Amino acid sequence: MASLQDFAIDPEGERIAKLLARAGIASRREVERMIVDGRVALDGELVLTPVTILTSLKGLTVDGKPVDEPEVGRLWAFHKPDGLITAERDPAGRPTIYNALRNALPPGTPRLMPVGRLDMNTEGLLLLTNDGELKRAMELPSSGVPRTYRARTFGDISQPQLEELMQGIEIDGFQYGPINANMERRTGRNQWIEVTLTEGKNREVRRVLEHLGLQVSRLLRIAYGPFLLGDLPRGAAVALPQNVVEQFRKGLKA
């Protein structure tokens with residue numbers, strides 16, 4: 001099992017955005033925005049650039065609050081219902097995953113960030129982590145972490161047509177990489193299709209299937225890497241075994 005030594009800071013120093021991401025404050029990109037917005041300070045002085053090099057978290061504050069030493073990077077599985085936004089807050093006032101997580105997670109759970117996103121009308125497995133560096137590594141296309149979905153669709157499609165997606169496809173100027181799509185079962189013009197991809201671009205599954213002339217009536221993510229939705233109840237969240245998380249992390253390409 002990992003210890004805090006596994007997350008030790010390079011004695012020569014590291015960028016502040018990386019350190020704060022590892023401490024679970026936010027992703028690197030979000031930390032950079034925090035710095036621009038004047039929310040990060042060092043010994044009472046605002047940090048002006050995300051490329052600031054530090055050798056420790058001592059004296060760092062975010063929104064006036066001291067930054068704690070990083071905890072061991074962990075993962076939680078959440079069965080996201082449809083109708084929720086994968087965001088901390090929504091300007092339009094729509095419910096977010098955090099509304100549901102307040103009831104799904106036990107007291108004392110650290111601040112969690114979603115690994116990737118599921119759009120409002122997509123349900124299923126959403127991984128959450130307290131480690132911004134782990135989040136970033138899992139999201140990078142170069143890591144090659146597969147995501148698997150089941151889509152309920154209506155329209156005319158054949159398995160040979162679905163197999164052509166392994167060559168990639170361009171839609172409205174956007175290039176999508178190889179997609180492994182297989183017909184699960186079919187009743188008339190209704191079918192369930194299992195789709196596995198590694199890029200995870202915005203609304204990728206829906207865009208590709210709709211481009212093929214299909215109407216998507218339900219989209220469910222059932223796996224992210226080796227982690228499965230299984231029989232996790234809708235709206236429930238559970239911490240994943242730490243030994244499994246560490247084994248997975250060691251195998252990441254990024």
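Computed from a prediction, not measured in an experiment: that's the story for all the values here. We're numbering straight along the sequence, starting at 1.
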Cluster overlap I25 with V40, hydrophobic side-chain contacts below 4.5 Å: yes
Taking atom types as modelled, is there a side-chain donor on T122 or D119 under 3.5 Å from an acceptor on the other? yes
For the CD atom on Q247, are there more than 12 heavy atoms of other groups (residues, nucleotides or ligands in this structure) within a distance under 6.0 Å? no
Around R29, counting heavy atoms of other residues, nucleotides and ligands shown, do more than 12 lie under 6.0 Å from its CZ?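 For R29, atom CZ is not crowded (no more than 12 foreign heavy atoms under 6.0 Å).
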Side-chain ion pair, D131 and R74, N-O less than 4.0 Å: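 Judged by the 4.0 Å cut-off on N to carboxylate O distance, D131 and R74 do not form a salt bridge.
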Give a yes or no on whether a salt bridge exists between E32 and R15, defined as a side-chain N under 4.0 angstrom from a carboxylate O.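 The answer is no: the pair does not qualify as a salt bridge.
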Check this for me: E45, atom CD, are more than 12 non-hydrogen atoms of other residues, nucleotides or ligands nearer than 6.0 Å?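 Count not over threshold, so no.
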Would you mind reporting whether M138 and L252 have side-chain heavy atoms less than 4.5 Å apart? yes
Given the ring of F174, does K201 sit roughly above its face, with NZ or CZ under 6.0 Å from the centre of the six-membered ring and within 45° of the axis? no
With sequence neighbours excluded, tell me which residues meet side chain to side chain contact (heavy atoms under 4.5 Å, CB included) with R185.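 For R185 the side chain to side chain contact (heavy atoms under 4.5 Å, CB included) partners, ignoring immediate neighbours, are R150, W192.
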Heavy atoms of R117 and R221 approach each other most closely as O-NH1, 4.0 Å
Is there a side-chain contact between N99 and L84 in this structure, where contact means two heavy atoms from C-beta onward sitting under 4.5 Å apart?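 When only atoms from C-beta onward are counted, L84 and N99 do not touch, as no gap falls below 4.5 Å.
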Under a 4.5 Å side-chain heavy-atom rule over Ile, Leu, Val, Met, Phe, Trp and Tyr, are I222 and V238 clustered together? yes
Atom CG of D231: over 12 foreign heavy atoms under 6.0 Å: no
Donor-acceptor pair, side chain of H79 and main chain of L232, under 3.5 angstrom: yes
